[in-house]
S.K.: 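Pasting a structure below so you can have a look.
We count ligands from 1, going down the list as the structure has it; atoms in each ligand are counted the same way.
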Amino acid sequence: MPLDEDKYPVESDRRRFVKGVVGGAALAGVTTASAAAVNTATAPTGAGGGTTTFYAVENTDGPAPRGMPQIPVELDKEGYLKGAWPEYEEGADAAVTEDYEGTGVDYSSAWFQYCGVQTYSGVYPEADQDNYFRYSDSGYDWHSDKGGDKIHIDDFQELGDPWREWNTSFGTKANGKPAAGTWRSQDLAPAETMPIQVIRSENVQELAKEDEWIDASTAEGCVAWLNKCTHFCCVPGFKTIAGSANFGAADKIYCQCHQSVYDPFSIVQKSFVALPRPEKEG
Ligand code: FES
């Protein structure tokens, strides 16, 4: 985006904000658009923080204070996976979908405002992002050559072992096939990447039969979450490290930094104090 490069110093927050939030669609009127976007986020103490109820993959062990926030999964018409983003009304403190899919749950962008993510361009409610999940450059062997590509539901069947059979050398056999990806991070600096994981599992399909929220927030057995440990913000993994078995986490999400454990097959409702998004100007 050469227009942005010309207008703002290379390392300024403002430039990164404009690049990420306003995006290509607004480039024709970049001066006006950037001013409007910045104004929505310039409350002196930041915006969109405060006590927030959210759904999480449950924290079951270790020092993490709570689970990691779930991202409702949608499939587009072609079968690509997206993380639903709540509805944004101009001037609002957060993007919020009230009564998500008739579940009674208010889904808010504030769910993701912790561990520094509250400063990322992609978490700003109006950020110009397409919400597709894309493969990480590193992750599981089965998608190691797909970095940056959109994640498709058929990939879980057709790349590597089929999802009902995918295994590691440890833990319960064939209880889910994971992918590592990114979300709302297109064209942003690596430091602003929002890491996610998706698991496609029959366990999720079973849970969805019993629970209205899980049914509405998963698709074809896929559950997703923002993969930032709520302890000190490391990036954990589901079945990434054999040593996780030593901490009772062979079938769970394990954070090797300080041994926190999360259960992707236990979706729970929790509360936390979301951190405000900082002013981006200057
Ligand atoms: S357990 Fe400390 S950062 Fe994850």
Side-chain angles (χ1 to χ4, degrees), residues 46 48-49 51-71 73 83 108-123 133-141 143 168-172 175-185 188-199 201 203-204 222-278:
T51 303
T52 302
T53 300
F54 72 115
Y55 275 85
V57 290
E58 184 180 16
N59 169 232
T60 57
D61 207 350
R66 61 183 179 276
M68 293 183 285
Q70 194 191 350
I71 305 171
V73 178
S108 169
S109 55
W111 292 18
F112 310 108
Q113 292 181 193
Y114 71 101
C115 263
V117 178
Q118 74 278 3
T119 70
Y120 294 5
S121 296
V123 90
F133 292 146
R134 290 176 168 81
Y135 291 106
S136 298
D137 290 331
S138 60
Y140 297 90
D141 285 349
H143 64 69
T168 50
S169 59
F170 55 95
T172 303
N175 68 339
K177 181 174 179 177
T182 65
W183 184 48
R184 294 179 64 79
S185 306
L188 297 176
E192 292 198 278
T193 297
M194 294 170 70
I196 61 101
Q197 283 213 320
V198 182
I199 298 175
S201 171
N203 295 346
V204 175
C222 292
V223 65
W225 65 92
L226 181 68
N227 200 34
K228 275 266 191 188
C229 184
T230 60
H231 182 223
F232 285 159
C233 315
C234 287
V235 176
F238 174 77
K239 291 195 165 185
T240 48
I241 300 171
S244 61
N246 299 330
F247 299 90
D251 293 324
K252 297 194 169 67
I253 306 158
Y254 174 68
C255 185
Q256 63 177 321
C257 292
H258 314 95
Q259 291 76 55
S260 283
V261 179
Y262 304 85
D263 186 348
F265 307 125
S266 177
I267 305 297
V268 293
Q269 194 177 46
K270 292 284 171 187
S271 293
F272 80 119
V273 178
L275 299 176
R277 300 183 310 278

S.K.: Using 30° and 60° as the class boundaries, would you call the ring planes of Tyr254 and Phe247 parallel, tilted or perpendicular?
M.R.: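 Plane angle under 30°, so parallel.
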
S.K.: Check Cys255 against Cys229 for me: are their SG atoms closer than 2.5 Å?
M.R.: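 No, Cys229 does not link to Cys255 through a disulfide.
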
S.K.: Please name the atom of His258, restricted to N, O or S, that is closest to atom 2 (Fe) of ligand 1.
M.R.: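 The closest N, O or S atom of His258 to atom 2 (Fe) of ligand 1 is ND1.
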
S.K.: Please could you name the atoms of ligand 1 that Phe232 approaches to less than 4.0 Å, counting only its heavy atoms?
M.R.: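 Result: 2 (Fe), 3 (S).
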
S.K.: Between the side chain of Asn59 and the main-chain N/O of Met68, is any donor-acceptor distance below 3.5 Å?
M.R.: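 Pair absent, no side-chain N/O of Asn59 close to backbone of Met68.
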
S.K.: Between atom 2 (Fe) of ligand 1 and His231, which N, O or S atom of the residue is the nearest one?
M.R.: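 Among the N, O or S atoms of His231, the one closest to atom 2 (Fe) of ligand 1 is ND1.
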
S.K.: Test of understanding: given a 4.0 Å heavy-atom threshold, classify the contact between Ser260 and ligand 1 as side chain, backbone, both, or neither.
M.R.: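 Answer for Ser260: both.
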
S.K.: Heavy atoms only: which of Cys233, Cys255, Cys115, Pro236 is nearest to atom 4 (Fe) of ligand 1?
M.R.: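 Nearest heavy atom to atom 4 (Fe) of ligand 1 lies in Cys255.
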
S.K.: Under 4.0 Å from a heavy atom of Cys234: which atoms of ligand 1 are those, numbered in the order shown and with their elements?
M.R.: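 Checking each atom against Cys234, I get 3 (S).
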
S.K.: N/O/S atom of Cys229 under 2.8 Å from atom 4 (Fe) of ligand 1, yes or no?
M.R.: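 Checking Cys229: at least one N, O or S atom is under 2.8 Å.
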
S.K.: Under 6.0 Å between the ring centres of Trp183 and Phe112?
M.R.: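 Distance test on ring centres: under 6.0 Å, yes.
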
S.K.: With a cut-off of 6.0 Å (strictly less than), are more than 12 heavy atoms of other residues, nucleotides or ligands near CD of Gln259?
M.R.: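 Above 12, so yes.
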
S.K.: Between Thr182 and Ser136, is there a side-chain donor-acceptor contact under 3.5 Å, judged purely by atom types and distance?
M.R.: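 No - no donor-acceptor pair under 3.5 Å links their side chains.
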
